[in-house]
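Since the structure comes first, as structure tokens, the remarks are kept for the end.
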Amino acid sequence: MRTDPAFYPDANVKRDQPYTARVKFFPSSFSGLTFFLRMGAVAVLLVTSCSAQDANQKAPNTILRLTLKPQRDASGQVEGMRVSYELMGRSKRRSAPLSLHFDTLQPALQRTQDQVTDLVAEDATGPITFRLPTEQRAGDAQNQVWQTTRPVRGSFHVSYFVPVAAPLTSKRGPHIDLQAAGKGVSGAFVSFLLAPLLQGNFELHVHWDLPAGQTAVSSYALGDFSRRITLKALRTMLFLAGPLETYPSPLSQGGISFYALGLPSEALAQIARWASKAYDAERTAFHGAAGEPFRFLIRSYAGGPITSGRADVGTFMLYMPVGTNPDPLALHSLIAHEMVHSLIKDLDDAPGDEGDWYTEGTADYFAIVLPRKAGLFDSCDYVTVINQEAAMYYTNALRNVPNQNLTKIMWSGRNAWTVPYARGALYFADLDAKLKEHHAQIDVLDLVNETSRRIRLGTPANNQVWREVLASRVGEWAVSDWTFMLQGGLMLPAGAFGDSVKSALISTGFFELGFLKPELLNTGFEVEQVQPGSAAARAGLRDGDTLTQSFDLNPSYRSFGGAITLHVLHDTVPKSVTYDPHLGFYPGMQWSLSSREGSISSCRKPS
């Protein structure tokens, strides 16, 4: 790329001044992150015109032809995604400029080098130039907007390149960013998609330009595919592209199938055997069709120590750190959680909807009870995952924050974003127990399936649909309990989770690490603002200490007590800092095995 100073724009350039793809621009709103734009000799496809007016119009005859080519360096590692597309189906001339939108992924993620570069656009009258990109809100998304300096006439050509994201990020939201893994590339389409805001359904054709012997899998197909789709569904599509490991062999035409980048075939098979059984149990519970394809995708790269995932319709993407052997119980719980997302209809989580209590609460609740019902969790596993969920809730200092306030602080730290998960799960456990007490003929699974049915028939996916289901199928006592939960009321679901376990009230401390916003504790993390008098300070942790080993917070967050050890470099001297981050005495609830199941001590594995 050009680095000649002559290619940098004047610092006083006006915001509406046009520029072409030969400009290299550093937008101030992205804190020094670079956007590289230059004209290149890139072959592009012919398209018909589209305008910014499309944002308010349905385009039933619109056709989007998308060609995707992972670009590799000399060693074969993927550097990014080269994208070209054509948009067809316009019958009217438009007088407004065209705006293309690139999701910044904020606030859950923070883009760094994964920005639009090498942008080329052309219509029937010649090259297209763009104004300096700006940022705009669109619903709950934050978009970078590229607007043409004139209306588009006739055929419209678009080509650009998006480099892969940094593997270690300062924020780790959902696994939708563009990442290199196992000589391939993975993510969601939103990670690289720069497109107009098409409304309604349009016809999509996707072609993968890959080396011989490699293929791609996405939420909707293995390899190239065509389908009618919305822009929202296109953006959330998950994918892997490269030298895929697959299971079973041969791949099944229906049901669940597995694909991986960067994961050995033996590890893939081990995961697949458990996940296949869990999928069958969940599909049956949520009335899924037996032959409906379900694609389980895994990407493995050195992106931090915490195994996590992301679901789409009929698809699940699992991230696994390279070389790790995660706790099987934690991995199985994660798999069961994400598959719930794929099989039921979620509620919106945009401000004003605040549906994460349902979306994440149902996933956590059913990830506990459905594998148990299917015999995939024994009694020891079952009581363990219940108590992990309970600890994540009762040790959280934000557990009483009203639901409507959570979206405002959702990504401020782990305490904030885990509240809807655990509080929602314990709400559903409490509701199920009370339904049994009332000798109701239905349970929580029936209510959730009814909610999914209504959403599929067109009912808006917000809190009101759940209120209506409770009112019509249960009664006002259930609506009152639900309202109490949304207001931040403490969930104490005595008698929940069945006869094999029993609950007891306990006193527990809030989990507090004692320093500033520790969302991720990766190697190189520098400790800031250690709180005077905290357990961390008393143990010797100081501002400026730098982690020499990554630390997975999840086991500690899911425990009612116990010390943690951080390995840091203090004034060039390595040291270990050990302390218990659970502070205070607050009411909670813990579960143990019922007398017929034995005792917790019998669950301990021999060392």
Side-chain angles (χ1 to χ4, degrees), residues 107-108 140 346-365 368 386-435 444 447-448 451 461-471 474-497 503 505-513 517 519 557-560 581-591:
D140 57 348
D346 292 338
L347 298 191
D348 292 335
D349 59 2
D353 295 325
E354 294 100 18
D356 274 339
W357 67 270
Y358 181 92
T359 297
E360 302 301 348
T362 52
D364 267 17
Y365 174 70
I368 295 171
I386 292 171
N387 282 326
Q388 287 174 345
E389 195 74 25
M392 189 166 66
Y393 175 53
Y394 294 118
T395 67
N396 193 328
L398 300 179
R399 68 190 193 180
N400 296 118
V401 173
N403 190 66
Q404 65 180 3
N405 295 337
L406 284 174
T407 54
K408 303 171 185 176
I409 61 172
M410 185 69 173
W411 299 105
S412 63
R414 196 183 190 284
N415 271 355
W417 68 258
T418 56
V419 171
Y421 289 71
R423 186 162 71 190
L426 291 179
Y427 160 72
F428 287 112
D430 184 64
L431 175 59
D432 200 65
K434 288 179 177 175
L435 288 170
V444 164
L447 298 176
V448 168
T451 302
N462 55 34
N463 281 342
Q464 185 61 28
V465 65
W466 180 251
R467 174 188 286 275
E468 291 172 354
V469 168
L470 288 179
V474 185
E476 284 305 314
W477 69 263
V479 175
S480 178
D481 278 5
W482 170 68
T483 303
F484 175 75
M485 181 273 295
L486 292 184
Q487 293 171 345
L490 187 65
M491 295 288 100
L492 294 168
F497 296 110
S503 60
L505 291 173
I506 63 167
S507 178
T508 186
F510 285 159
F511 187 92
E512 178 53 69
L513 280 174
K517 291 184 179 179
E519 296 180 36
Y557 272 116
R558 295 177 176 178
S559 171
F560 282 108
H582 296 85
L583 304 175
F585 301 93
Y586 303 93
M589 186 163 279
Q590 191 171 25
W591 277 258

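As a basis for the values below, the full set of heavy atoms in this structure was taken, side chains included, without hydrogen atoms, waters or symmetry mates. Quick caveat, the model's predicted, so the values are computed rather than measured.
Contact between Ala433 and Ala494 at its shortest, heavy atoms only, is CB-O, 4.1 Å. Contact record, Leu398 with Val419: O-CG2, 3.7 Å, taken as the closest heavy-atom pair. Residues Trp591 and Ala496 approach most closely at NE1-O, 3.4 Å, considering heavy atoms. The two atoms that bring Ala429 and Pro493 nearest to each other are C-CB, 4.3 Å, heavy atoms only. Nearest heavy-atom pair across Thr395 and Ser559 is CG2-O, 3.9 Å.
The CG atom of Asn400 sits 10.5 Å away from the OH atom of Tyr586 when rounded to the nearest 0.5 Å. Atoms CG and CD, from Leu470 and Glu476 in turn, are 9.5 Å apart once rounded to the nearest 0.5 Å. Separating the CG atom in Asp432 from the CG atom in Leu447 is a distance of 8.5 Å, to the nearest 0.5 Å. We find the CE-OH distance between Met491 and Tyr393 to be 5.5 Å, quoted to the nearest 0.5 Å. To the nearest 0.5 Å, atom CE of residue Met392 and atom CZ of residue Phe560 are 11.0 Å apart. From Thr451, atom OG1 reaches atom CG of Asp346 across 11.5 Å, with rounding to the nearest 0.5 Å.
Annotation: salt bridge (charged side-chain N to carboxylate O under 4.0 Å, His left out) contacts of Asp364 (sequence neighbours excluded): none. Here Asp430 pairs with Lys434 under the salt bridge (charged side-chain N to carboxylate O under 4.0 Å, His left out) rule; sequence neighbours left out. For the ring pair (Phe, Tyr, Trp, His ring centres under 6.0 Å) test, residues two or more places apart in sequence or in another chain that qualify with Phe511 are Tyr557, His582.
Counting heavy atoms from C-beta on, the side chains of Asp481 and Leu431 never come closer than 4.5 Å. Looking at Phe497 and Leu426, their side chains come closer than 4.5 Å, going by heavy atoms from C-beta outward. No side-chain heavy atom of Tyr394 sits under 4.5 Å from any side-chain heavy atom of Ile506. Side-chain contact between Pro587 and Leu492 is absent, with no heavy-atom pair separated by less than 4.5 Å. Side-chain atoms of Leu486 and Gln404, non-hydrogen and from C-beta on, never get closer than 4.5 Å to each other.
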| task | Please assess Trp482 against Tyr427 for the test side chain to side chain contact (heavy atoms under 4.5 Å, CB included), listing each intermediate value before the final yes or no. | result | CA-CA 8 Å; Trp482 170 68; Tyr427 160 72; 3.5 Å; yes
| query | Please walk me through it: do Leu406 and Arg423 pass side chain to side chain contact (heavy atoms under 4.5 Å, CB included)? | reply | CA-CA 12 Å; Leu406 284 174; Arg423 186 162 71 190; 3.4 Å; yes
| Working for side chain to side chain contact (heavy atoms under 4.5 Å, CB included), residues Tyr358 and Asn463 | CA-CA 9 Å; Tyr358 181 92; Asn463 281 342; 5.7 Å; no
| Verdict with reasoning, Arg467 to Thr483, per side chain to side chain contact (heavy atoms under 4.5 Å, CB included) | CA-CA 9 Å; Arg467 174 188 286 275; Thr483 303; 4.1 Å; yes
